[in-house]
Amino acid sequence: MMEHQPPLIAKKADLRDLFSRARTELSTDQYQHYSQQVRQQLLTYLSEQKTACTHIHLFLPIEAKREVDLRPLLPTLWQQGIKITVPRVVEGSLEHVPLTAETALEKNPWGIWEPARHYAPLMPEEIHTITTVITPLLTCDLSGNRVGYGGGFYDQFFKEYPQLKRVGIGLFPPVERVIDSYSGDIPLDDYLSPKAIIHFQNRKERPMR
């Protein structure tokens, strides 16, 4: 997937640089193909979870950064009766807003599509109904420690709602270890890449069929 084997053990800042560059170096065809594979992995994952995923928090991609594009899955998820919530950045923190086929979207200063400001966010008691958070990242390690962009939005979200199942998705396999992860980091439960679904709690990896 990557022309050069990434370092198996590295600091977050180095991994951010490495994997940001690796994504930009993908051809358009590679990027679209890997995104399609991850979408299929997510459908497989959700089918295995059965009734456990009834309200999913997912992200709309930063297209310029070549994040996995989950938008083609939305009609299927709605058809299955799954509620969808997406993040909206307001004054340095995340709001969580329901997304339907009729929701009007607008781009924020970071180039992320979000529900327009007139849509009300979920109240705290409604956030507790979320079952699964599909989490953007650049990479993670084999213990589920996530390397994001460094903004801390999802770290704070997970600290406020630790009961949420945290599922990372990315275009590349995980690295062995993030050197500067610490006890305050909240690791992922699972990670989906184009070639595997990894469950960190039991450390089992199942290749894609």
Side-chain angles (χ1 to χ4, degrees), residues 1-39 41-42 45 57-70 87 89 92-94 108-112 133-160 162 164-208:
M1 236 176 242
M2 300 176 71
E3 290 186 7
H4 306 290
Q5 176 68 31
L8 297 180
I9 299 175
K11 292 183 177 180
K12 292 178 182 179
D14 295 330
L15 292 169
R16 285 189 189 103
D17 290 343
L18 176 69
F19 283 90
S20 293
R21 186 170 63 253
R23 289 204 304 209
T24 62
E25 290 175 352
L26 292 174
S27 70
T28 299
D29 286 346
Q30 286 176 316
Y31 165 64
Q32 292 176 346
H33 179 60
Y34 295 156
S35 283
Q36 191 279 330
Q37 287 182 304
V38 174
R39 290 194 296 269
Q41 294 281 51
L42 181 54
Y45 177 86
H57 185 291
L58 55 78
F59 62 93
L60 301 178
I62 305 175
E63 296 163 335
K65 292 188 176 182
R66 290 193 161 183
E67 289 185 328
V68 175
D69 189 356
L70 298 176
V89 180
S93 62
L94 287 186
N108 71 13
W110 295 276
I112 306 171
V133 180
I134 308 302
T135 312
L137 47 72
L138 285 161
T139 189
C140 66
D141 68 13
L142 293 175
S143 296
N145 295 304
R146 186 177 65 92
V147 178
Y149 299 112
F153 293 117
Y154 280 84
D155 294 328
Q156 185 59 39
F157 183 27
F158 295 152
K159 288 174 183 176
E160 291 178 3
L164 300 174
K165 179 176 280 291
R166 302 173 295 275
V167 181
I169 62 172
L171 298 175
F172 305 108
V175 299
E176 181 177 338
R177 183 162 64 89
V178 177
I179 293 175
D180 50 348
S181 62
Y182 73 108
S183 59
D185 286 340
I186 300 178
L188 300 168
D189 296 301
D190 305 296
Y191 177 65
L192 314 183
S193 71
K195 297 298 183 183
I197 296 174
I198 301 173
H199 304 290
F200 294 113
Q201 291 177 333
N202 54 25
R203 303 294 295 276
K204 292 181 180 179
E205 179 173 343
R206 180 173 58 74
M208 183 177 68

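Computation of the quantities below employed the complete heavy-atom set of this structure, encompassing side-chain atoms and omitting hydrogens, waters and symmetry-equivalent molecules. If you read the sequence from its start, that first residue is 1, and numbering goes on from there.
- In this structure, the side chains of Pro187 and Phe200 stay at 4.5 Å or more apart for every pair of heavy atoms.
- For the atom pair CZ (Arg166) and CG (Asp189), the distance works out to 4.5 Å, reported to the nearest 0.5 Å.
- Ring-plane geometry between Phe157 and His57 is classed as tilted, the angle between the planes lying from 30 to 60 degrees on a 0 to 90 degree scale.
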Passes side-chain contact (heavy atoms from CB on, under 4.5 Å), Phe19 versus Val147? Steps please. CA-CA 10 Å; Phe19 283 90; Val147 178; over 6 Å; no
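- Counted by atom type alone, Glu160 and Gln156 present one or more donor-acceptor pairs between their side chains at under 3.5 Å.
- Under a 3.5 Å cut-off, the side chain of Arg39 and the backbone N or O of Asp69 do form a donor-acceptor pair.
- Between Lys12 and Asn145 the shortest side-chain heavy-atom distance does not fall below 4.5 Å.
- Thr139 has its side chain out of reach of Phe172: every pair of non-hydrogen atoms, C-beta onward, lies at least 4.5 Å apart.
- With hydrogens and angles disregarded, no donor-acceptor distance shorter than 3.5 Å links the side chain of Arg177 to the backbone of Asp141.
- Here Tyr45 contributes atom OH and Leu192 contributes atom CG; the two are 7.0 Å apart, rounded to the nearest 0.5 Å.
- Between Gln41 and Ile169, the closest side-chain pair of non-hydrogen atoms is not below 4.5 Å.
- Judged by distance alone, the side chain of Glu63 and the main-chain N or O of Gly111 form no donor-acceptor pair under 3.5 Å.
- At least one donor-acceptor pair closer than 3.5 Å links the side chain of Glu67 to the backbone N or O of Ile62.
- Side-chain contact between Val68 and Leu171: present, with at least one pair of heavy atoms (C-beta onward) separated by less than 4.5 Å.
- Remark: Ile134 CD1 to Leu42 CG distance equals 5.0 Å, nearest 0.5 Å.
- Within the 4.5 Å cutoff, the side chain of Leu94 has heavy atoms near those of the Val89 side chain.
- Rounded to the nearest 0.5 Å, atoms CZ (Arg66) and CD (Gln32) are 8.5 Å apart.
- Tyr149 places no side-chain N or O within donor-acceptor distance of the main-chain N or O of Leu137, the cut-off being under 3.5 Å.
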What verdict does the salt bridge (charged side-chain N to carboxylate O under 4.0 Å, His left out) test give for Arg146 and Asp185, after you've listed the backbone C-alpha separation in whole Å, the side-chain angles of each residue and the deciding distance to 0.1 Å? CA-CA 8 Å; Arg146 186 177 65 92; Asp185 286 340; over 6 Å; no
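- Taking CD1 from Ile186 and CZ from Phe158, the interatomic distance works out to 7.5 Å, rounded to the nearest 0.5 Å.
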